[in-house]
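All values derive from a computational prediction rather than experimental measurement.
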Amino acid sequence: MTSTSTPAVFAEPVRRVPGRWIAAFAVAWLGVWMAQLAPIQKLLPDQVQAQLDTTYWVDNVVAFGVISGISGVCAIIAYPLTGALSDRTTSRFGRRRPWIAAGAVVFAVSLVLLGLQSSIVGMGVFWSLALTGFCILTAALTATISDQVPVDQRGYVSGWISAPQAIGIILGVALVTYVFAGALLGYTAMAVLLLLLVLPFLFLPDAVLPRELRERMSWRGVVEGLWISPRQHPDFGWTLLSRVLVNFGNAFGTSLLLYFLEFGLRDPNADDDLLVLILVYMVFVIVASLVLGRLSDRLGRRKAFVFVSSAVQGVAALLLAFVPELTVAVVAAALLGIGYGCFLSVDQALATQVLPDPENRGKDLGIMNIALAVPQAVAPLFGAMIVAALGGFAGLFVLSALFAFAGALAVARVKAVR
């Protein structure tokens, strides 16, 4: 379709979004990340450990990894399916807002119910439901970037996904550790904060899809739509592959850091030092995502930023592998923060520019988002197996570096975006 014949709801946005839109977007993501990361980093591992009552850390990580891996399967289904549904939603409230609201409610209720569980099976069921709510919510929320944000503002706006992620890690963990201690209280607090912080974004405008423009939907069509041919759309394929590789690399490098400090470095102050590493990581993620995301907008370039940020993460992982010292780990945390912060913001902007079809932005970005959620879900399980098989952490960090470098090479193959 030409730009003159494209219906307004599908057209590329040209009007820059105002500061209040960006503020509501950032606050919503802060709620999302606290609700997801506090359970992953603190609440769920503690629940699993209390249930297993074992001192062998690999058993705990494997059990946590199985629960997280099952939830990752839910993400593979939920992301593109709910993205496709939001593409076809004709509600008078818009295409995305109903799904943002529904996802937040499913996510919050599942977290509260998760806090009541005392069996591994129950934890697995309700964490899977919680992650499904997370996917419904974030599939619609990320689609608003393609719907409403012009190309020359997407790097900066996407930085307000990654900056709240960094803040959400430390704030969420601190709250459930020092303020809302205990599983039920901690999960409930995250659920309430999620709803409160997402709420302002629901009052912002969202384009309504006229019923006559709604594409007919069938289960066969949805399943077939999950396959986007890399031959017909090579830039989408290379971007997706790069995202999978880099996120696996980052997850391998960060998901077992506490165990690396405790059992790799024999650090007697592992909990406190992990907090230091998280703080260093957080600061550099925030700075890199916002500054470098905006710089990529001004220069009109994405690939170079994604390539370098991926490679920087690989260097950080190699430092952890071959110089296993606490001071070096702090340097590696800074490099990981710079690399991943830049990657999250600029790669998200890049992803919105290689989508095959403006009518299916939600579904296509849902497929892209699988590459963010699934590596984080399954990395603890695979990582624990690798450490146990190799008898140490060096092999895990080398693998992390290889994935990051491979991701850099993959994004270099993108042709349509500079």
Side-chain angles (χ1 to χ4, degrees), residues 24-25 27-40 67-68 70-91 93-114 124-148 161 164-165 168 187 190-204 206-209 214 217 219 222-223 225-226 348 351-352 355 360-377:
F25 184 77
V27 167
W29 277 106
L30 177 62
V32 169
W33 289 128
M34 281 198 296
Q36 191 214 17
L37 296 172
I40 289 177
I67 292 173
S68 190
I70 293 171
S71 69
V73 175
C74 295
I76 293 175
I77 299 170
Y79 259 136
L81 177 59
T82 57
L85 289 169
S86 74
D87 287 333
R88 294 162 175 80
T89 296
T90 57
S91 164
F93 298 105
R95 290 195 296 168
R96 313 301 180 190
R97 283 193 296 182
W99 294 96
I100 293 172
V105 170
V106 171
F107 194 2
V109 172
S110 300
L111 286 176
V112 174
L113 294 175
L114 177 58
V125 169
F126 286 100
W127 178 242
S128 296
L129 289 174
L131 195 66
T132 299
F134 166 83
C135 293
I136 295 170
L137 166 56
T138 57
L141 201 54
T142 52
T144 62
I145 298 177
S146 293
D147 291 344
Q148 302 189 42
I161 297 176
Q165 183 185 41
Y187 283 121
M190 294 302 101
V192 171
L193 286 171
L194 168 68
L195 295 175
L196 290 176
L197 295 176
V198 169
L199 185 62
F201 194 81
L202 296 176
F203 289 96
L204 297 177
D206 184 18
V208 175
L209 176 67
R214 181 175 61 183
M217 186 173 180
W219 288 112
V222 170
V223 173
L226 298 181
Q348 182 64 42
T352 65
L355 301 179
N360 292 290
R361 290 169 179 155
K363 183 264 293 180
D364 295 339
L365 280 173
I367 294 172
M368 281 287 185
N369 286 336
I370 290 173
L372 179 63
V374 173
Q376 297 292 336

Shortest non-hydrogen separation from Ser86 to Arg95 and the atoms involved: O-CB, 3.3 Å
Exercise: identify the closest heavy-atom pair between Leu209 and Asp87: CD2-O, 3.4 Å
Side chain to side chain, Trp127 and Leu111, heavy atoms closer than 4.5 Å: yes
Closest non-hydrogen atom pair between Ile67 and Gly124, with its separation: CG2-CA, 3.8 Å
Partner set under side chain to side chain donor-acceptor pair (under 3.5 Å) for Trp99, not counting sequence neighbours: Thr89
Gln36: partners by side chain to side chain donor-acceptor pair (under 3.5 Å), with sequence neighbours left out: none
Which residues share a side-chain contact (heavy atoms from CB on, under 4.5 Å) with Ala101, sequence neighbours left out: Leu202
Distance in Å, Ile145 CD1 paired with Arg96 CZ, rounded so as to fall on 0.5 Å steps: 11.5 Å
Straight-line distance of Leu194 CG to Met34 CE, nearest 0.5 Å: 8.5 Å
From CD (Gln165) to CG (Leu30), nearest 0.5 Å: 11.5 Å
Heavy-atom closest pair, residues Phe126 and Ser110: O-CB, 3.8 Å
Point-to-point distance, once rounded to the nearest 0.5 Å, from CG of Leu137 to CZ of Phe201: 10.0 Å
Donor-acceptor contact present, side-chain Arg97 to main-chain Leu204, <3.5 Å: yes
For Ala104 against Leu195, the heavy-atom pair lying closest together: O-CD2, 3.7 Å
Exam field: side chain Trp33 to backbone Ile161, donor-acceptor pair closer than 3.5 Å: yes
Rounded distance (nearest 0.5 Å) linking atom CG of Asp206 with atom CG of Asp147: 7.0 Å
Results of side chain to side chain donor-acceptor pair (under 3.5 Å) for Thr144 - residues two or more places apart only: none
From CD (Gln376) to CD1 (Ile40), nearest 0.5 Å: 7.0 Å
Sequence-distant partners of Thr352, side chain to side chain donor-acceptor pair (under 3.5 Å), two or more places apart: Arg154
Note, Val32 side chain near Phe134 side chain (heavy atom, < 4.5 Å): yes
Pairs flagged by side-chain hydrogen bond (donor to acceptor under 3.5 Å, both in side chains) wherever residues 72-85 is involved - sequence neighbours left out: Tyr79-Thr138
Closest non-hydrogen atom pair between Ala28 and Leu141, with its separation: CB-CD2, 4.3 Å
